2 protein chains.
Amino acid sequence: MKFKTFKGQIGFSKEDIYRELFKENQARIRIKKEKTAIKNLARIFDATLSISNDKGFSAMSLRDLSSETGLSMGALYSYISSKDDLLEMLFQQGRIVVFRALVKQISGIDSPRDRLRMAIQTHLYLSEIMQPWFYFLYMETKNFRKEEHKKAIESELFTENIFQEIIEQGISTGQFRPVDVALTSAIIKAMLQDWYLKRWKYERRTVSVEDYAGFLMEVLGSYLHLENT
Amino acid sequence: MKFKTFKGQIGFSKEDIYRELFKENQARIRIKKEKTAIKNLARIFDATLSISNDKGFSAMSLRDLSSETGLSMGALYSYISSKDDLLEMLFQQGRIVVFRALVKQISGIDSPRDRLRMAIQTHLYLSEIMQPWFYFLYMETKNFRKEEHKKAIESELFTENIFQEIIEQGISTGQFRPVDVALTSAIIKAMLQDWYLKRWKYERRTVSVEDYAGFLMEVLGSYLHLENT
DNA sequence: AAGCATAAAACGAACGCTCGCTCTATTTTA
DNA sequence: TAAAATAGAGCGAGCGTTCGTTTTATGCTT
């Protein structure tokens, strides 16, 4: 699958994300009109991601956020009820979006090799489109309330599980060598994460997301495949 | 090489690190007696790593640090001249230690395959011993002064370069397939970093650092090696 | 060995400032 | 013209940092 194709069939826009966020959290958002809410929520969340990914969420002050969004402190607090609340909404919405997109794409494919490719492409392409979200979720998890760490761990293990199942399937059908499933999934996850954590490096070297996906499949193919099939 | 062997020949202790740090920064440290300085610098830096790796350097207050170390605010400021200064010393010393250990180990080996194994083991073993330092350097780089980002990038590319050279050598002698050198080094780096970034995961699964090193060599071996040699 | 003088180290209250957050007045929208 | 949205001064808490003081260690004299 090409990146362009993926982009076309992703099925949600930035506006959709913020519309959903607005409707889900109408209790704590004091703004009534959807159109106004979406417009400014987008400004607030985009600015939060931008500032936080530059210097960290806890180093971002709400005055930073106010000047970046062009909203006053008072206005800001009509959209969020606290700074912690902003963090919570980011995590919640981020995880929902990622989860939904991942599950949707890899269902309905049979061949382990094709499923593996599709899972890798989906992860990479989604992280390409939503790089600030992915980066934020990765780097700021520790700032979140300790009780919520479980969710972060679950989420890490969930995506790893997708790969575990695919590899197990491949091994049981004889298409893959009998490798260490847990370790293999772990390094796949690590390589996928490198794409959004070290964007600057790949950008500088003009490696496209398709190049990177192809390269990962090469590496994994040579490791997983039986010598002569 | 076994992890135990590496540990034995590493050639410096925790005390050595703090002694060097003391001597290098005697200008900004107001403490005179080496013994006292080393003892408390160790307390301060260990506590900083511990608190920061839990909730982030910028979320750590000096009062946190004071109560964790058992030193008063005033005493703290006899050892550091500012919070930024503490960050700077951590980065400086961290990079020196890592750099020195890496360069030392991989010199004097000829075979590309052995050099690759040695480089991987050295990285992993060192990050196993100094996990809090590695984790800190990775996660807190963005909090550092922007001018210092160059150093962080250099340091990332430096370790990648070690692998690039090894792989290029292997290709030119015909022992490795002609793969994409830059991308291959990049994913090696990513897999090495996963070891100290996701310690909890590997601990939980009781994967030892030797297991992990062996696994990486397996994966890379199958990718780099000519089909029939 | 004890007493004493001085240097070294530790203490912690206090300072100025910025933080997250609130509240009332004002402007914009429909 | 009433409701919705924004503005921004102001609040107390907590931040990094300083500094006058107290405690501890060291070396010298008797």
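Small disclaimer: the values here were computed from a predicted structure and weren't measured. In what follows, every heavy atom counts, from backbone to side chain, and hydrogens, waters and symmetry copies are set aside. So you know, we letter chains A, B, ... as the sequences are listed, proteins then strands, and number each from 1.
- A:Lys151 forms no cation-pi arrangement with A:Phe144, by the criterion of a distance under 6.0 Å to the ring centre and an angle within 45° of the ring axis.
- The environment of NZ in A:Lys7 is sparse: at most 12 heavy-atom neighbours from other residues, nucleotides or ligands sit within 6.0 Å.
- Which of D:dA7, C:dA9, D:dA5 sits closest to the side chain of A:Lys33 comes down to D:dA5.
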Would you sort out whether A:Lys198 and B:Gln193 count as a side chain to side chain donor-acceptor pair (under 3.5 Å), showing the intermediate values? CA-CA 12 Å; A:Lys198 308 267 181 57; B:Gln193 286 176 331; 2.6 Å; yes

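- In this structure, CG of B:Leu86 is placed 14 Å from C1' of D:dT17, rounded to the nearest angstrom.
- The side chain of B:Ser72 contributes no N or O atom lying less than 4.0 Å from OP1 or OP2 of C:dA10.
- Atom P of nucleotide C:dA8 and atom NZ of B:Lys35 are separated by 17 Å, given to the nearest angstrom.
- For B:Leu71, whose side chain is taken as the heavy atoms from C-beta onward, the closest listed nucleotide among D:dA4, C:dC11, C:dA8 is C:dC11.
- Counting only N and O atoms by type, the side chains of A:Asn40 and A:Tyr18 include no donor and acceptor under 3.5 Å apart.
- Residue B:Ser61 is in sugar-phosphate contact alone, with no base atom involved, counting any heavy-atom pair closer than 4.0 Å across all strands shown.
- B:Ile29 places its CD1 atom 16 Å from the C1' atom of C:dA10, with the value rounded to the nearest Å.
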Might you work through the salt bridge (Lys or Arg N to Asp or Glu O under 4.0 Å) test for A:Glu154 and A:Arg95, ending with a clear yes or no? CA-CA 11 Å; A:Glu154 273 168 30; A:Arg95 277 206 274 269; over 6 Å; no

Begin with the C-alpha distance, continue with both residues' side-chain angles, and end with the deciding distance and a verdict on salt bridge (Lys or Arg N to Asp or Glu O under 4.0 Å) for A:Asp194 and B:Lys189. CA-CA 9 Å; A:Asp194 207 54; B:Lys189 190 89 207 291; over 6 Å; no

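- In this structure, B:Leu76 reaches neither bases nor backbone, as no heavy-atom distance under 4.0 Å exists between it and the strands shown.
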Base contacts versus sugar-phosphate-only contacts with protein, heavy atoms under 4.0 Å: please encode nucleotides 21-26 of chain C as B, S and - from 5' to 3'. BBB---

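- Note: CD1 (A:Ile31) to C1' (C:dA30) measures 15 Å, nearest angstrom.
- Distance CD (A:Glu34) to C1' (D:dA5): 17 Å, rounded to an integer number of Å.
- A:Tyr196 has its ring centre no less than 6.0 Å from the ring centre of A:Tyr135.
- Each of A:Phe99, A:Phe163, A:Trp195 was checked for a ring-ring contact (aromatic ring centres under 6.0 Å, His included) with A:His123, and the lone residue meeting it is A:Phe163.
- Note that the two end axes of the helix from C:dA1-D:dT30 to C:dA30-D:dT1 enclose an angle of 10°, each drawn from 5 base pairs, rounded to 10 degrees.
- Computed from coordinates, the B:Met60 CE to D:dT17 C1' distance equals 14 Å when rounded to whole Å.
- Near DNA chain D, meaning a heavy atom under 4.0 Å from it, residues 39-58 of chain B has no residue at all.
- When rounded to the nearest whole Å, the span between CZ of B:Arg28 and C1' of D:dT17 equals 17 Å.
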Take B:Glu160 and A:Arg205 through the salt bridge (Lys or Arg N to Asp or Glu O under 4.0 Å) test and state the conclusion after the steps. CA-CA 14 Å; B:Glu160 237 183 81; A:Arg205 293 174 182 166; 2.8 Å; yes

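- Atoms NZ (B:Lys32) and P (D:dG27) sit 14 Å apart, rounded to a whole Å.
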Verdict with supporting geometry, B:Gln9 and B:Met1, side-chain contact (heavy atoms from CB on, under 4.5 Å): CA-CA 11 Å; B:Gln9 68 184 57; B:Met1 183 178 49; 4.2 Å; yes

side-chain contact (heavy atoms from CB on, under 4.5 Å) between B:Leu220 and A:Val219, intermediate numbers included: CA-CA 8 Å; B:Leu220 292 172; A:Val219 174; 5.9 Å; no

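- For the pair A:Lys2 and A:Tyr125, the cation-pi criterion (under 6.0 Å, within 45° of the ring axis) is not fulfilled.
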